[in-house]
Amino acid sequence: MKNKYDNTLIWFKIITIFPEMFNAITNYGITSRAIKKRIINIDFLNPRNFTKNKYKSIDDRPYGGGPGMIMSAEPLYQSIQHAKSELKNATVIYLSPQGKLLKQNCIEQLIKKKQIIFICGRYEGIDQRIIDSQVNEEWSIGNYILTGGELAAMIMIDSISRFIPGVIKKKQSIENESFSKNLLDHPHYTRPKKIHNMSVPEVLLSGNHSEIRLWRLKQSLGKTWTKRPDLLKKHILNKEEIILLNKFKKYKNKKVI
Ligand code: 4HQ
């Protein structure tokens with residue numbers, strides 16, 4: 001008999017001392033729906049449950065001295081072994097500022113993995129021997145310091161999930177998006193036609209689909225040129241786009257764009 005878990009595309013196991021934080025993705029929005037539809041599966045292992053000491057402490061002072069505490073190796077090691085025994089083909093990911101910087105094209109690669117174990121560190125980080133012996137990939141969500149890896153893991157799961165076929169209804173709404181093309185999205189408008197004396201660009205009400213496409217592409221190019229010139233440099237402009245961007249530049253001070 002085909003069991004109801006068969007269609008699960010990605011299995012996530014998260015090693016964290018704060019599993020409740022993940023309610024932010026398990027209980028809300030599209031990620032919550034993806035779990036209910038069993039497209040993704042998320043469960044947790046708390047290293048505190050693998051401690052052997054009386055106080056269930058998961059941290060200790062750093063060898064060599066210095067401020068802060070380090071997550072002890074043993075409870076993490078036990079958690080990872082347990083996780084691996086359930087997900088036999090898993091990639092083990094540690095979130096840290098030392099990791100590879102996460103970009104949209106990385107997300108597109110990560111969705112190919114079927115099983116991912118995330119290690120969420122707290123304090124000053126985890127014992128290096130865990131990284132050396134257990135971790136397959138280190139990822140960073142950006143060049144800033146967080147208080148723990150949980151938010152970073154949630155960001156990774158969130159952005160991976162929305163890329164899985166069936167999680168977001170319209171395939172087009174994923175493909176259309178900025179980063180795959182190194183262009184920012186065009187502006188969006190919805191009803192009503194007028195709010196507080198501000199109207200919707202006439203062309204969007206015209207029903208002329210080829211004009212609408214050109215307008216959106218021009219806005220998209222113009223916005224990227226204005227706000228993210230670094231992205232635009234990576235985008236190879238075709239003839240049509242060169243003309244549209246020049247048009248945008250020409251009128252940018254005249255507010256008729
Ligand atoms: N931390 N991208 C330190 C991060 C981080 C990041 C997570 C802080 C791990 C121990 N994680 N803990 N940036 O700043 O992923």
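Position 1 is the first residue of the sequence; numbering continues from there. When a ligand or atom number is given, it counts from 1 through the structure's own listing order.
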> Can you find a pair of side-chain heavy atoms, one from I14 and one from C120, that are under 4.5 Å apart?
Replying inline: yes

> Within the structure, does L146 bring an N/O atom to less than 3.5 angstrom of an N/O atom in ligand 1?
Replying inline: yes

> Please state which protein non-hydrogen atom is closest to atom 10 (C) of ligand 1 and give its distance, to 0.1 Å?
Replying inline: G125 CA, 3.6 Å

>> Whether the Q134 and K84 side chains hold a donor-acceptor pair (N or O, under 3.5 Å, no angle test) is what I'd like checked.
In response: yes

> N/O to N/O below 3.5 Å, does that happen between G142 and ligand 1?
Replying inline: yes

> Going by distance only, is there an N or O of Y144 that falls short of 3.5 Å from an N or O of ligand 1?
Replying inline: yes

> What is the nearest protein non-hydrogen atom to atom 7 (C) of ligand 1, stated with its residue, atom name and distance?
Replying inline: L95 O, 3.6 Å

>> Under a 4.0 angstrom heavy-atom cut-off, which atoms of ligand 1 come close to P97?
In response: 1 (N), 4 (C), 5 (C), 6 (C), 14 (O)

>> Under 4.0 Å from a heavy atom of I145: which atoms of ligand 1 are those, numbered in the order shown and with their elements?
In response: 14 (O)

> So if you build clusters from Ile, Leu, Val, Met, Phe, Trp, Tyr with side-chain heavy-atom gaps below 4.5 Å, do I243 and W215 land together?
Replying inline: no

> Short list, please: which atoms of ligand 1 are under 4.0 Å from a heavy atom of A152?
Replying inline: 11 (N), 15 (O)

> Does any N or O atom in I141 lie less than 3.5 angstrom from one in ligand 1, N or O only?
Replying inline: yes

> If you measure only the distance, is there a donor-acceptor pair under 3.5 Å linking the side chains of S210 and N208?
Replying inline: yes

>> What protein heavy atom lies closest to atom 12 (N) of ligand 1? Include the residue and the distance to one decimal.
In response: G121 O, 4.0 Å

> Take atom NZ in K114; do more than 12 heavy atoms of anything else shown fall under 6.0 Å from it?
Replying inline: yes

>> Test of understanding: with salt bridge (Lys or Arg N to Asp or Glu O under 4.0 Å), list the residues that count as partners of D60, not counting sequence neighbours.
In response: none

> Do Q109 and N105 have side-chain atoms, one donor and one acceptor, less than 3.5 Å apart?
Replying inline: no

